[in-house]
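Just so it is clear: chains get the letters A, B, ... in the order the sequence lines come, proteins before strands, and each one is counted from 1.
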Amino acid sequence: MTAPIEPIGYDPSAVESRWRQRWAERGTHRTDLARGKDPFYALMMFPYPSAEGLHVGNLFAFTGCDIYARFQRLQGHTVFEPLGYDAFGIHSENFALKVGKHPMQLIPSNIANFRRQLDRAGLMVDWAQSVDTTDPAYYKWTQWVFLQLYKQGLAYKKAAAVNWCPSCKTVLANEQVEGGHCERCGTLVEQRFLEQWFFKISEYSPRLLKNLETLDWSETTKQAQRNWIGRSEGARLRFRVLDPLTDAGSAAVSVTTELKMDTAEVEVFTTRPDTIFGATYLVLAPEHPLIDTITTPTQQSAVDAYRARASKQDLVTRKTSKEKTGEFTGAYAANPATGELIPIWIADYVLMEYGTGAIMAVPGHDERDFEFATAFDLPIVRVVAGEGQTARTPFDGAAYVGDGVMVNSEEFDGMPVAEAKKVITEWLESKRAGKSVTNYRLHDWCISRQRYWGPPIPIIYCDSCGTVPVPESQLPVVLPNIPDFKPDDSGISPLARHEEWYRVPCPSCGKKARRETDVSDTFLDSAWYFLRYPSVGRDDVAFDAATTKKWLPVTTYIGGNEHAVLHLLYSRFITMVLHDMKLLDFEEPFTKFRAHGLIIREGAKMSKSKGNVVNPDEYIDAWGADSFRTYLMFLGPFEEGGDFRDSGISGVKRFLDRLWASVRDCTSEGTPDPEVMRKLHATIKKVGEDIPALSYNTAIAAMMEYMNTLRKGERAAHRAEVEPLVPMVAPFAPHITEELWEMLGHTTSVMDAAWPTFDASMLVSDTIELVVQVGGKTRGKLVVPKTITQDEAFAAAKAEPSIGKFITGEPKKVILVPGRLLNVVV
RNA sequence: GCGAGCGUGGCGGAAUUGGUAGACGCGCAGGACUUAGGAUCCUGUGCCGAAAGGCGUGUGGGUUCGAGUCCCACCGUUCGCACCA
C-alpha cells in the first residue's frame, strides 16, 4: 500500500481517540429503549468473529448501515443500532481443529479482537445490548425457541441422508466435500441415513411466498426467495401397478377391469399433465419405498445393485452429474389416459425429496426424460406439435419443450397446451386418476448437526416416556467443555462420547434417560437474534413484550445477499411461528431489507491466496477511520460494491482536510455569498435524498462539489456557509465532525444536532441555461429568462452567431423543452 | 441450462420522465509557493484535429426532432440456482 509519509492537515489519530473516549464517557451511543421517541431499529448482519479479524467486507457493510442509522438519528429518530457475534458453527470448529485450540478458548479472544477493531471504526453501536450466540445466557433462549417449535408440533425427527466419510467416520457438511471426496483425507464420500431433527418450514411455504409481496426488500433478494420456495402448479397423478407375475408382458391386458383393489399405485407429480398421452414409462427415485414391493424377482439383484451404488454416491456429485443411469424394476403400470402398460424404472435423476419421488416420463417433451429414453431405448411419443409441426414430425435429437397444440392425444387433439393442462387434469380427476396440486420446492429445515460447536438440542430420550423436551425451567442445556471435541472414528457426535454428560434422569419419570447429543444448526442462532438485542439483560424471558412491541419489527436491515435465502427465510419462518403463538404481534421481522455489494480489489475478489486482502487496521492507522469509512462508501454504489484501490483514499482525506481548514478559518463577519448559499441548499437537498437511497457515493461527491465551490479561489468561508456541512458529513466521518462541531462552539454531540433544512426558494432562479441544439446536435447554450417562449428562444438562438450559423434556411420544426433545451430541426 | 444484474475516458465511477455524456475522485500535464516537494494551492485533462469541425456510452439494427437511457438480435462479463419433473 502507499502510506502517506506524514499526515497532513488534521491529525486523525488524536481526534479519533479523543472522541472514542468521550462517546464512551457520555454514553452517546446508548439508546434509551424504554423512553426514546420515534424508535428506529437499524440492524446489520452480525459477523462470525474469525481469527483473522475484521474483514474490509464487514467494515463496508457495517459502515453503510451506520451511516444510514446516523442519518436517521439526525432526522430526529431514537436509533437503536446493535451488533453482536455469530460465533457458533462449523467455521469456528474447523478453524479450532486446524490450529489445535479449543473453540471455547479461541472464540473469546477472537471476539475481543473484533471488538477492538470495531471500536476503532466509529460505529454508533450500543454495546450494552450485544449478543454472543455462544454465551449460555443467549443460547438458553435458542433452545427455548426450539422448544416452542416442538410444542407446536413443528419439530420432528426423521431419517435423512448426510455426507459420510468412511475413513474419518464423521459427517461432512456439503462444503467439506470436494468432487465427491472428503476434503481432509480424500476418501470417497458416501451418504448415510441418520435420525435428525427437522422444522416444518415447508408448511409455511405459501405464506413465506405470499408475504414477499408486502415487503420492502431488494428485488434480487425477493426473487432469490421466490426461486428457493419454488412454487409450481401441476397435478398429482396415480398410476396403477400391474401384478408383474400375472400381467407382465401382456400388453393387451385391459387395466380397468382386471386389477385388484390392493394393487400398488405410483403417485407422481407433474407440471405437464397435458402430456399424459406421451408418458411412456415411470421413474422412481432410488430411495422410493415402493421399489421393494414392485420389483420382480428377475430384476431384484440388478435393482439392489443400482440402489447400493446410488446410496454410496455422495450427495454433491449425485446432484451435479448429469449422466443418465437407471435400472428397470420389471414392473409395469397403466397409463390412465391410454390404458397402455408402461415400464417402471428407477433412476437417480429423480429426487426423493421433491414432489412424490416419482415421475411420469414424457421423453418427447422433457429434456431429461428424452436423454434417459434415448440411453435405454424407451419409446418416445409426440403429443405436442409446435409451429409447423404435426403428429408425425420426428424429434431432431431433442425433446420439444415449446408451446403448441395437442396431438396423439385422442379427443384432446388440436387443443392448445395451456387449455389442455386444465382440461386434461379435470378429465383425469373425473377418472379418479389424479388431482391438481400446487407443489413447493422448499423442504423442511434440518437443524441437527453431528458436531460439537453449537447449542445442544434440548431433548431427552427416556425408555419409558419416549422423547421428552427439556423443561424450560432447566434451560440452558450447557455445552460441556470437553477436550475431545473433534469428530473422530468413535462414532457420531462428540457429545455422544461423554456419558457423564448425556446420562440424565428423565424429567418426567425420573428414570435413567439420555440427552440428545446433536447440536443445532448455526442458522437457528441467527434466526431470532434480532428479537434478543433490545431485551438483552432479561434472564426471565427471551424477549420482553413491551420492548419488543416498541422496537420491532426491525425498521431497516442491511446485509449481504449471500444470506438472501437461508438466513432471511429462516428468520421469517421463526417469526411467523412465534407470531402464531401470539408471542409477537407481527409476522414479518424485517420491514425493509437492502443487500449491500461486495468489495473487490483490482478487479478480483479478495482472498488470501491472491494476497490482495485489505487489512483495515493498516489503513485506519495510516489515514484514520473517518477517511477509511468515507472512502469505502465513495468507491462505488453501496448496493453494488466497488473496487478498492490504495490510490483513491487520498482524495477523501483531502476533502476532510479541507473541511477542517474551512471550519478553522471561517468567519462570522459580513454576509454569506448568495451563490455559495444557493449551492449549499442544493447540496443539502441532494445529500438528504441520496443517503436514504443508499447512494452514498453520490452524496459524498455532492459534498465534495460543494467544498470546491466553498473554497474556490482560496476564499475563506463564512460560518453560515460551512456550519450546515458538518452534520451532513457526520454520518460518514463521525469523529472529525464532532471535533469541528465543538470548534464551532457547540457543547453537545453533532449527532444530537438536527439535519439542516433546505430552502426550496433558494434553488430556483429567474434565468436558466438553455441548451441549444440544431438538428439534434448541441451547438451552444444561452442564458435566458425561465419563462422564455419558443419563438423568443428561437430568435435568441438565431441572433447568437456561434449558433445561428448552423441555422441555414427555414427550420422544419422547433422544439422547446421548457427550462432545458431548444432543438431546431433544419 | 435457467434466473437476475452489469458493459460509459488511462482508472473507480456520475448522468430526473428519453433532453449539455463523462459530475466527484484517482492518475496525468502545466503553473504558484518553496533550499526542496512525493506536501499544499490554482488551472487544464473523452478521442482525432493546427483550427474549423468531426467521432464517441460492448456489437448490429430500429423508434424519435433528440437514445447511455426505450425496442429487437447478438457478444462479453458477474452473481445466484442448478437433473425441482
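- Of the two residues contacting RNA chain B, namely A:Glu705 and A:Thr356, the nearest-nucleotide position lying further toward the 5' end is that of A:Glu705.
- B:C33 is unpaired under the criterion used here, namely a Watson-Crick or G-U wobble arrangement in which both key atom distances are under 3.5 Å.
- Closest to the A:Met704 side chain, of the nucleotides B:C24, B:G19, B:C83, is B:C24.
- In a base pair of the Watson-Crick type (N1 to N3 plus N6-O4 or O6-N4) or a G-U wobble (N1-O2 and O6-N3), with each distance short of 3.5 Å, B:G44 is matched with B:C28.
- B:G9 adopts a syn glycosidic conformation, its chi angle falling within 90° of 0.
- Separating the P atom of B:A21 from that of B:G46 is a span of 14 Å, rounded to the nearest Å.
- In this structure, CG of A:Asp657 is placed 13 Å from C1' of B:C41, rounded to the nearest angstrom.
- To the nearest angstrom, P of B:C41 lies 10 Å from CG of A:Asn708.
- Only the C1' atoms considered, B:G12 is 36 Å distant from B:C65, to the nearest whole Å.
- We find that CG of A:Asp646 is positioned 14 Å from C1' of B:G27, with the value rounded to whole Å.
- With P as the reference atom, B:G5 and B:G54 are 38 Å apart, rounded to whole Å.
- Listed candidates were B:C81, B:C24, B:G19. Nearest to the side chain of A:Ile815 is B:G19.
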Item to complete: Sugar-phosphate atoms are those with a prime plus P, OP1 and OP2; base atoms are the rest. Using that split, label each nucleotide of nucleotides 4-15 of chain B B, S or - for protein heavy atoms under 4.0 Å, 5' to 3'.
Response: S------SBSSS

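- Here A:Thr778 reaches the OP1 or OP2 of B:A21: one of its side-chain N or O atoms lies under 4.0 Å away.
- If you measure from atom CZ of A:Arg654 to atom C1' of B:C42, you get 13 Å, rounded to the nearest angstrom.
- Here B:A85 presents its P atom at 14 Å from NZ of A:Lys324, a figure rounded to the nearest Å.
- The aromatic ring centroids of A:Tyr631 and A:Phe644 lie less than 6.0 Å from each other.
- A cation-pi geometry, defined here as NZ or CZ lying under 6.0 Å from the six-membered ring centre and within 45° of its normal, does not hold between A:Arg594 and A:Trp217.
- No hydrogens or angles considered: a donor-acceptor pair under 3.5 Å links the side chains of A:Asn708 and A:Arg658.
- Spacing of C1' atoms, B:G22 relative to B:C47, comes out at 12 Å, to the nearest Å.
- Straight-line distance from the NZ atom of A:Lys653 to the P atom of B:G38: 19 Å, rounded to whole Å.
- The gap from the P atom of B:U34 to that of B:A29 amounts to 23 Å, rounded to the nearest Å.
- A:Val771 comes within 4.0 angstrom of a base, heavy atoms only.
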Worksheet entry | Candidate pair A:Glu721 and A:Asp673, rule side-chain contact (heavy atoms from CB on, under 4.5 Å), full reasoning | CA-CA 8 Å; A:Glu721 295 165 358; A:Asp673 182 298; 3.6 Å; yes

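- Taking the six-membered ring where the residue is Trp, A:Phe60 and A:Phe638 present tilted rings, their angle falling between 30° and 60°.
- Relative to the six-membered ring of A:Phe732, A:Arg629 misses at least one condition, a distance below 6.0 Å or an angle of at most 45° to the axis.
- In this structure B:G60 sits in a base pair with B:C72, meeting the Watson-Crick or G-U test at under 3.5 Å.
- Atom CZ of A:Arg441 is separated from atom C1' of B:G3 by 12 Å (rounded to the nearest Å).
- Spacing between atom CZ of A:Arg226 and atom C1' of B:C2 amounts to 16 Å, rounded to whole angstrom units.
- If you take atom P in B:G44 and the same atom in B:C24, they sit 11 Å apart, rounded to whole Å.
- Relative to the side chain of A:Leu821, the nucleotides B:A85, B:U20, B:U40 differ in distance, and B:U20 lies closest.
- Closest approach to the A:Arg820 side chain among B:A85, B:C65, B:U16 is made by B:U16 (side chain taken as heavy atoms from C-beta onward).
- Side-chain contact between A:Val381 and A:Phe277 is absent, with no heavy atoms from C-beta onward closer than 4.5 Å.
- Using a 4.0 Å heavy-atom cutoff across all strands shown, A:Gln773 reaches at least one base atom of the nucleic acid.
- Donor-acceptor pairing under 3.5 Å is recorded for the side chains of A:Asp11 and A:Ser13.
- Of the side-chain N and O atoms in A:Arg658, one or more sit less than 4.0 angstrom from OP1 or OP2 of B:C41.
- Between B:U8 and B:C2, the distance separating the two C1' atoms is 29 Å to the nearest Å.
- Classified by interplanar angle (parallel below 30°, tilted 30° to 60°, perpendicular above 60°), the ring pair A:Trp345/A:Phe372 is perpendicular.
- Comparing B:A85, B:C41, B:G66 by their closest approach to the side chain of A:Asn823 singles out B:G66.
- By the ring-ring contact (aromatic ring centres under 6.0 Å, His included) test, A:Phe523 pairs with A:Tyr570, sequence neighbours left out.
- Looking at which nucleotide of RNA chain B each of A:Ala702 and A:Arg779 is closest to, the 5′-most match is held by A:Ala702.
- Taking the P atom of each, B:A23 and B:G10 are spaced 14 Å apart, rounded to whole Å.
- Of all nucleotides present, only B:C65 satisfies the Watson-Crick or G-U wobble test against B:G19, with each distance under 3.5 Å.
- B:G3 is paired with B:C79 under the criterion used here, namely a Watson-Crick or G-U wobble arrangement in which both key atom distances are under 3.5 Å.
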